[in-house]
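On a predicted model such as this, the values are computed, not experimentally measured, just so you know. The chains referred to below are lettered A, B, ... by the order of the sequence lines, with proteins before strands, and numbering in each begins at 1.
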Amino acid sequence: MNCREFRKFVGAFADGELDVTENLRALEHLNMCPVCTARVTQVNRMREALVRIYGRTDVPADLADKVRLALDRAEGAPDAVIPMPGMVRWVRRLAWPAAVAACLTLVWWGWSASAPSVSPKPGAITVVPGQVVSDVRIQHHRCAFGEGGPHHAPDLPRSPAGIAEVLSREMGLKVLSPDFSKQGFELIGADRCGILGRPGAHVMYRQGKSGPWLSLFTVARLPYFNRPASSSGSGSTQPAYATFRQDGVTVLAWNEGRQTYFACSKLPAEQVKSLVNAVRTSR
Amino acid sequence: MSMDASVRERFEAIAMPHLDVVYRVARMLADSEADAEDLVQETFIRAYRAFDRFELREYGAKPWLLRILHNVFYTAKGRQRRSPTLLDDVDFDHFADELNTLGEDPLTLAEMDWEQFDEELKTAVEGLQPEYRSVLLLWAIEGLSYRGIAEICDCPIGTVMSRLYRARQLVGRELGEYARERGIRTERFAE
């Protein structure tokens with residue numbers, strides 16, 4: 001066996017998966033080849049390191065209770081909703097495009113009694129300034145896309161970092177409030193605005209003095225915007241988005257940690273993505 | 001569908017002891033603890049519903065649960081479990097030739113202190129495509145045989161071997177680059 005042949009077997013040899021004959025041939029080669037011996041050592045060292053890093057994963061103390069609760073519910077409703085705290089998980093059973101389409105089209109879940117009534121108009125995500133909405137119908141929200149003036153909660157700072165700090169602490173989320181000044185976008189307002197049934201943070205930017213807007217929303221994680229990130233094969237991972245373009249508005253959605261983020265604008269999708277990528281890769 | 005109490009008790013007696021393992025593997029696959037918990041719960045629900053078709057054999061319920069977990073993960077991701085990959089279509093000789101050009105340094109990787117690269121190793125692993133990552137971590141953490149991994153991932157043993165080979169090579173290459181950046185190089189076998 002030469003080095004080229006052995007390289008195909010190095011992992012299987014280290015893992016004890018070779019048959020007797022191949023094992024003997026491998027051992028004969030290793031007696032003469034320090035480089036291939038080092039390859040075997042490398043495999044073993046990698047396994048030890050992975051055990052060290054991943055083998056100590058802490059299991060949540062309440063996971064068993066959650067599983068039993070889920071099983072209880074499954075016994076009672078085997079084919080339909082398995083309600084989890086705070087959210088109905090029917091979306092899990094839909095392909096994500098269908099789930100997203102459902103969210104962006106007319107689905108009435110119940111309107112919060114304290115919310116003002118607004119006439120539905122197709123074309124935009126529903127956000128009601130300063131209110132938490134419980135429906136997911138399409139409705140035009142003026143300040144998400146720059147129509148009407150900005151709104152800013154008077155108790156919030158005016159700097160991106162200050163807004164992020166205050167709202168992150170208040171909401172228990174990692175609020176996205178980047179500095180887009182290098183990209184030519186000025187921060188013009190921040191408020192507590194709900195989206196898709198969850199309370200969240202809304203940070204508004206404008207290109208120059210009168211250009212198009214970019215609105216960033218941060219809410220607690222929603223499950224139906226998961227997309228596999230693409231890997232370039234070199235170990236780097238490209239951000240993954242759900243992208244919607246409808247009636248002249250772009251909505252970008254992505255999950256990161258315990259948050260779902262939305263970027264809404266009348267800018268083209270690629271430009272919005274470019275802006276967001278610049279922020280995500282620098283964090 | 002309603003199951004009587006004895007069936008539920010039997011299921012819990014067989015499946016719940018493997019909760020920790022299922023969570024650990026779920027955590028390897030998922031992006032976050034929250035996603036991992038979701039995967040685990042969905043796995044146990046599906047397992048419970050399929051329990052009447054499960055046969056307990058000498059290897060226990062762990063491979064069965066992990067296979068369900070694997071299916072749940074890839075179903076949620078909208079992926080085909082058997083989606084063909086370039087690696088599956090490439091034979092080993094071609095693959096070995098490709099890797100000969102990577103400039104890896106096995107001597108350095110064998111001799112260096114791996115503990116100083118824990119974060120880099122984690123980054124490299126998390127940068128792998130899920131198919132490679134899951135095979136790599138099932139091999140390392142759960143100590144599964146190639147056959148065991150193949151059953152969980154529902155793919156041929158040859159695919160497991162090639163994915164594992166590829167995953168180790170990609171991770172090794174990343175660490176080799178980190179080692180070079182830090183000027184770490186073994187002189188023991190220097191020419």
If I measure from the heavy atoms of chain A, does B/R27 come under 4.5 Å with its side chain, its backbone, both, or neither? side chain
Name the option with the most non-hydrogen atom pairs under 4.5 Å to chain B; the candidates are A/L63, A/V51, A/V43. A/L63
If one checks every heavy atom of A/I53 against chain B at 4.5 Å, the contacting part turns out to be side chain
Indicate yes or no: at least one non-hydrogen side-chain atom of B/L121 is less than 4.5 angstrom from one of A/Y54. no
Could you pull out the closest heavy-atom pair between A/A70 and B/Q41, with the gap in Å? CB-OE1, 3.9 Å
Between A/A64, A/G257, A/P60, which shows the greatest number of heavy-atom pairs under 4.5 Å with chain B? A/P60
Check A/D72 with B/R8, please: is the shortest side-chain N to carboxylate O separation under 4.0 Å? yes
Side chains of B/Y165 and A/R7, heavy atoms from C-beta outward: is any pair under 4.5 Å? yes
Report the distance from atom CZ of A/R45 to atom CG of B/L175, rounding to the nearest 0.5 Å. 11.5 Å
B/R24 meets the salt bridge (Lys or Arg N to Asp or Glu O under 4.0 Å) criterion, sequence neighbours left out, with B/E142
Pick one of side chain, backbone, both or neither for B/E33, based on which atoms fall under 4.5 Å of a heavy atom in chain A. side chain
Nearest 0.5 Å please: distance from the CZ atom of B/R168 over to the CE atom of A/M46. 7.5 Å
Return the set of residues passing salt bridge (Lys or Arg N to Asp or Glu O under 4.0 Å) with A/E22 (not counting sequence neighbours), or none when no residue passes. none
Out of B/R147, B/M16, B/E119, B/M28, return the one with the most heavy atom pairs under 4.5 angstrom to chain A. B/M16
Counting heavy-atom pairs under 4.5 Å to chain B, which of A/E5, A/R258, A/R52, A/E48 comes out on top? A/R52
Give, as side chain, backbone, both or neither, the part of B/T43 having an atom under 4.5 angstrom from any heavy atom of chain A. neither
Going by salt bridge (Lys or Arg N to Asp or Glu O under 4.0 Å), name the residues that satisfy it together with A/R68, two or more places apart in sequence or in a different chain. B/E12
Given that the side chain runs from C-beta out, which part of A/N44 has a heavy atom under 4.5 Å from chain B: side chain, backbone, both or neither? neither
Does anything in residues 12-21 of chain A reach chain B? List residues with heavy atoms under 4.5 Å apart, or say none. A/A12, A/D15, A/E17
